[in-house]
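Note that the coordinates shown come from a computational prediction; the quantities given were computed from them, not determined experimentally. Below, chains carry the letters A, B, ... as their sequence lines are ordered, and counting in each starts from 1.
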Amino acid sequence: MNNPEGRSKNFIYEIIDDDMKINKWEAKVHTRFPPEPNGYLHIGHAKSICLNYGIARDYNGKFNLRFDDTNPEKEEQEYVDSIIEDVKWLGADFEDRILYGSDYFEQMYQWAIELIKKGKAYVCDLNSDEIRSSRGTLTEPGKNSPFRNRSVEENMDLFERMRKGEFPNGTKTLRAKIDMASPNINLRDPIMYRIVHEEHHRQGSDWCIYPTYDWAHGNEDSIEGITHSICTLEFENHRPLYDWFLDQLGVHHPQQIEFARLNLSYTVMSKRRLLQLVKEGYVDGWDDPRMPTISGYRRRGYTPESIRNFAEIIGVAKRDALTDIALLEYAIRDDLNKHANRVMAVLKPLKVVITNYTGEEELEAVNNPENIEAGTRRVPFCNELYIEQNDFMENPPKGFHRLIPGGEVRLRYAYIIKCKEVIKNEKGEVIELRCSYDPETKSGSGTSTKKVKGVIHWVSAKHAVDAEVRLYDRLFTVENPGADEDWLSKIYPNSLEIINNAKVEPSLKSSKPLDKFQFERMGYFCVDQKYTTKEKLVFNRTVTLKDSWKK
RNA sequence: UGCCGGGUCGUCUAAUGGCAGGACAGCGGCCUUUGGAGCCGUAUGUGGAGGUUCGAAUCCUCCCCCGGCAGCCA
């Protein structure tokens, strides 16, 4: 049950296995995914979602979606909506549990009062500069705040008045009284509440004091009865603080486990940077198909299955890693190879006239050789076709299997043709090919023993449908742009190529947004959901086919 | 520099004192009416030095390297 696919267990499963053995938490498992609604979810969040949901599923436990919405200055309803959509799309089942940390503000407030009464928290009048300078450094201890020893009564009074809104932003904080000399800076009297007179996307103007993440996060997990609070490595240093809070309160105390966040080559993953790409117009919104966001991958043609499988492939560990984007591409190719129907589409058309063919006919084509149940379709053929410009070369290099002057090639599902004449314009560019076809070589007829090395795709010029095709490449020129201060200068200027005169086979006329296809020999493509209209089909290239042809 | 964490093929990840394995990428071959897919094969790795042990990626010591932390962000 712990490793349904027979994969080896990651270290978190081993921890949980041990917990189950000793009946910790009455042998129950309850996980959660706790995003802050200050941006769209990215593939790194997908890793976390798959991990947390996967654990709940594998141990017959529960999985919550909980918004960590403690900072009204950065959070918006639009982000809440997108996050819910993305988590659902990924297939992580939170049942009816869409929860909000901000719904626990009153409980947290009461707990803060409890700590004040125990002498474990105090109201501090230092401003943010003063707090910073008295915190000490990595190597020197901090200094106690002059307000550290206020009486319980005074603290209670001040804290209540903070809540009532008597003080302006930044003038007072509530701090935990721990140890200003702790070698762990997080324990140097961390701030629990700050004053922020700001409308909250969910709580409106009910509050003007907001809990910090450090104070809120562990409380939220505790309130929800989370057993295993799984988070990323940067919170490792905070664990002693969460432990301290929960122990002071004597409430349910989840076990925090940290794992290494995902880094993907040739992209950036921080929400701050993704927001900048969006805001400054480097990309076409959060769901731009070049973005590593879940909505970007969805629009690009990725499937939830492929992303889940990717999460499985990369595993979970504690060491920092930079995962090769090839692993993600493998996951989507693997899925689409099995499930996407094949069609023919010519991205850069070159006209071919078959001089000895008259009339027209329909040829039978297989929809998916990996899945016979996908059936067949009929593709119209006539004496005027388009083939890919790249599939013809006047002066081919050695090993070129496609059309050359005087050479033969098979038209997929049709006939073998021979190039008789090359027609050029004034500039010397090839604009048309005159070819003859061999009627004995009809695909599947068995009437010919002729063998040719090359098979190329084509569409009937008379029947073709016009389409726009968008080819995407990596967004950055360097493997790890996030490590570079000057990361914006590493944006790849040709990451999007728009082809507006592609010709696709007529069966595609009825395709719907997000429908996925393999354009034979070209790659996997998906009908764009943003720009496709009744009049105009727009396709996004999800990923190329692996191509072993090297010139 | 204080504290915390981490170093295994090019990349990601297993091996929990007993043959360093898998996936991706690469390379070679087979097959193929997609130069796709599939199949077969193949090279490449335990940061370093000592120690314990019949036996060490694993345990011990020292060293080196990498990441995180000094927001009223999360």
Side-chain angles (χ1 to χ4, degrees), chain A residues 7-11 14 34-36 38 68 70-71 73-75 124 126-128 131-133 135-142 169-175 182-188 190-196 209-210 212-214 216-217 231-240 258 260 262 265 271-272 312-331 333-334 337-338 342 344 366 368-370 399-402 410-414 416 441 443-444 451-457 479 518-524 544-550:
Chain A
R7 287 175 193 281
S8 59
K9 287 182 274 191
N10 64 51
F11 76 101
E14 296 191 351
E36 185 192 14
N38 66 344
D68 209 331
T70 56
N71 184 356
E73 290 173 323
K74 291 186 174 176
E75 297 157 9
C124 181
L126 260 24
N127 66 33
S128 90
I131 287 185
R132 185 178 342 109
S133 55
R135 184 153 31 218
T137 68
L138 295 178
T139 50
E140 307 157 54
N169 288 357
T171 53
K172 285 185 167 41
T173 57
L174 183 74
R175 294 228 254 165
S182 172
N184 182 341
I185 290 176
N186 297 123
L187 263 25
R188 318 240 263 230
I191 289 165
M192 296 165 63
Y193 279 93
R194 71 279 212 190
I195 299 172
V196 183
I209 56 171
Y210 288 91
T212 58
Y213 176 87
D214 275 342
H217 194 79
C231 64
T232 44
L233 255 26
E234 68 268 28
F235 297 108
E236 213 158 15
N237 296 340
H238 296 241
R239 178 159 25 92
E258 307 88 7
L262 172 67
S265 61
K271 275 203 257 184
R272 196 195 98 235
E312 203 64 49
I313 289 168
I314 60 175
V316 177
K318 290 197 74 157
R319 53 181 163 266
D320 289 308
L322 180 58
T323 298
D324 192 336
I325 189 84
L327 259 45
L328 216 212
E329 294 181 347
Y330 164 77
R333 281 197 192 100
D334 189 47
N337 176 47
K338 292 172 194 138
R342 275 61 170 169
M344 291 197 284
V366 173
N368 185 351
E370 303 296 317
F400 186 77
H401 293 168
R402 292 109 93 170
R410 173 172 288 283
L411 295 176
R412 179 84 159 143
Y413 295 121
I416 292 175
T441 58
S443 200
K451 289 264 189 245
V452 287
K453 270 251 169 152
V455 179
I456 64 174
H457 62 276
E479 219 185 15
Q518 184 195 104
F519 289 180
E520 293 220 25
R521 305 203 309 132
M522 302 306 288
Y524 294 98
T544 59
L545 249 30
K546 217 168 75 181
D547 184 1
S548 60
W549 161 247
K550 304 265 173 11

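If you check distances only, the side chain of A:R402 does reach the base of B:G35 with a donor-acceptor pair under 3.5 Å. A donor N or O paired with an acceptor N or O is found under 3.5 Å between the base of B:U8 and the side-chain atoms of A:R319. Side chain A:E370 to base B:G36: a donor-acceptor pair is found below 3.5 Å. In this model, no side-chain donor or acceptor of A:D547 finds a partner on the base of B:G35 within 3.5 Å. For A:S443 and B:U33, a side-chain-to-base donor-acceptor distance below 3.5 Å is present, hydrogens and geometry of angles not being considered.
Counting any heavy atom pair closer than 4.0 Å across all strands shown, A:I456 reaches no nucleic acid atom. Base contact: A:G399 has a heavy atom under 4.0 Å from a base atom. Contacts of A:F400 with the nucleic acid, taken as non-hydrogen atoms under 4.0 Å apart, include base atoms. Contacts of A:F235 with the nucleic acid, taken as non-hydrogen atoms under 4.0 Å apart, include base atoms. At a threshold of 4.0 angstrom between heavy atoms, the contacts of A:S182 with the nucleic acid are absent. At the heavy-atom level, A:E36 lies under 4.0 Å from the strands shown only through sugar-phosphate atoms. Counting non-hydrogen atoms under 4.0 angstrom, A:H238 reaches a base of the nucleic acid.
Of the listed nucleotides (B:A14, B:A37, B:C4), B:C4 has the atom at the smallest distance from the side chain of A:E236. Taking every side-chain heavy atom of A:K318 into account, B:G5 is the closest of B:C72, B:C69, B:G5. Of the candidates B:U34, B:A37, B:C73, the closest approach to any side-chain atom of A:K74 belongs to B:C73. Here B:A15 is the nucleotide among B:A15, B:G36, B:G2 with the atom lying nearest to any side-chain atom of A:E14. Which of B:C4, B:U34, B:U16 sits closest to the side chain of A:R412 comes down to B:U34. Closest approach to the A:L327 side chain among B:A37, B:C69, B:C24 is made by B:C24 (side chain taken as heavy atoms from C-beta onward). Here B:A74 is the nucleotide among B:C69, B:U13, B:A74 with the atom lying nearest to any side-chain atom of A:R194. Of the candidate nucleotides B:A70, B:G5, B:A25, B:A25 has the atom lying nearest to any side-chain atom of A:A326. Among the nucleotides B:G2, B:U33, B:C12, the one closest to any side-chain atom of A:V455 is B:U33. Nearest nucleotide to the A:N71 side chain, out of B:A74, B:G68, B:G35: B:A74.
Whole-Å rounding puts the A:N368 CG to B:U32 C1' distance at 15 Å. The separation between A:D214 atom CG and B:C69 atom C1' is 11 Å, rounded to whole Å. Summarising the geometry, the separation between CE on A:M192 and C1' on B:A74 is reported as 17 Å, rounded to the nearest angstrom. When the P atom of B:A15 is taken as reference, atom NZ of A:K9 falls 10 Å away, rounded to whole Å. Distance A:I195 CD1 to B:C73 P: 12 Å, rounded to the nearest Å. For the pair A:E312 CD and B:C24 C1', the computed distance is 15 Å after rounding to whole Å. Regarding A:R188, its CZ atom lies at a distance of 13 Å from the P atom of B:C72, rounded to whole Å. Here B:U33 presents its C1' atom at 9 Å from CD1 of A:I416, a figure rounded to the nearest Å.
A:E520 contributes atom CD, which lies 12.5 Å from atom CD1 of A:I456 (distance to the nearest 0.5 angstrom). In this structure, CD1 in A:I325 is found 11.0 Å from CD in A:E479, a value given to the nearest 0.5 Å. Atoms NE2 and CD, from A:H238 and A:E258 in turn, are 10.5 Å apart once rounded to the nearest 0.5 Å.
Applying the 4.0 Å criterion to OP1 and OP2 of B:A37, one finds that A:R342 has every side-chain N and O outside that range. Taking only side-chain nitrogens and oxygens, A:T212 never comes nearer than 4.0 Å to OP1 or OP2 of B:C73. Residue A:Y330 places at least one side-chain N or O under 4.0 Å from the OP1 or OP2 atom of B:C24. Considering only side-chain N and O atoms, A:K271 lies nowhere under 4.0 angstrom from the phosphate OP1 or OP2 of B:A74. For B:U1, neither phosphate oxygen OP1 nor OP2 lies less than 4.0 angstrom from any side-chain nitrogen or oxygen of A:T137. OP1 or OP2 of B:A37 has not a single side-chain nitrogen or oxygen of A:R333 nearer than 4.0 Å.
A:L328 is not listed as a side-chain neighbour of A:T323, based on a closest heavy-atom distance of 4.5 Å or more. Between A:N71 and A:R194, the closest side-chain pair of non-hydrogen atoms falls below 4.5 Å. Proximity of A:F519 to A:L545: side-chain heavy atoms (C-beta onward) are nowhere separated by under 4.5 Å.
The partner of B:C3, taking Watson-Crick or G-U wobble pairs whose two distances both stay under 3.5 Å, is B:G68. With a cut-off of 3.5 Å on both Watson-Crick or G-U wobble distances, the partner of B:G21 is given as B:U13. Using Watson-Crick or G-U wobble geometry with both donor-acceptor distances under 3.5 Å, B:C73 finds no partner in any strand shown. Nucleotide B:G26 is matched to B:U42 when pairs are restricted to Watson-Crick or G-U wobble geometry with both distances under 3.5 angstrom. The partner of B:U61 is B:A49, by the rule that a Watson-Crick or G-U pair needs both atom distances under 3.5 Å.
The nearest pair of heavy atoms linking A:R342 to A:N368 is NH1-OD1, 2.9 Å. Minimum interatomic distance between A:Y210 and A:V196 (heavy atoms only, all atoms of both residues): CE1-O, 3.2 Å.
Toward the 5′ end of RNA chain B lies the nearest nucleotide of A:F11, the other residue of the pair A:F11 and A:N38 mapping further downstream.
A:D214 contributes no side-chain N or O that, together with a main-chain N or O of A:I191, makes up a donor-acceptor pair within less than 3.5 Å.
We find that the ring of A:H401 and the base of B:G35 stack, their centres lying under 5.5 angstrom apart and their planes tilted less than 30°.
Taking the C1' atom of each, B:G22 and B:C54 are spaced 30 Å apart, rounded to whole Å.
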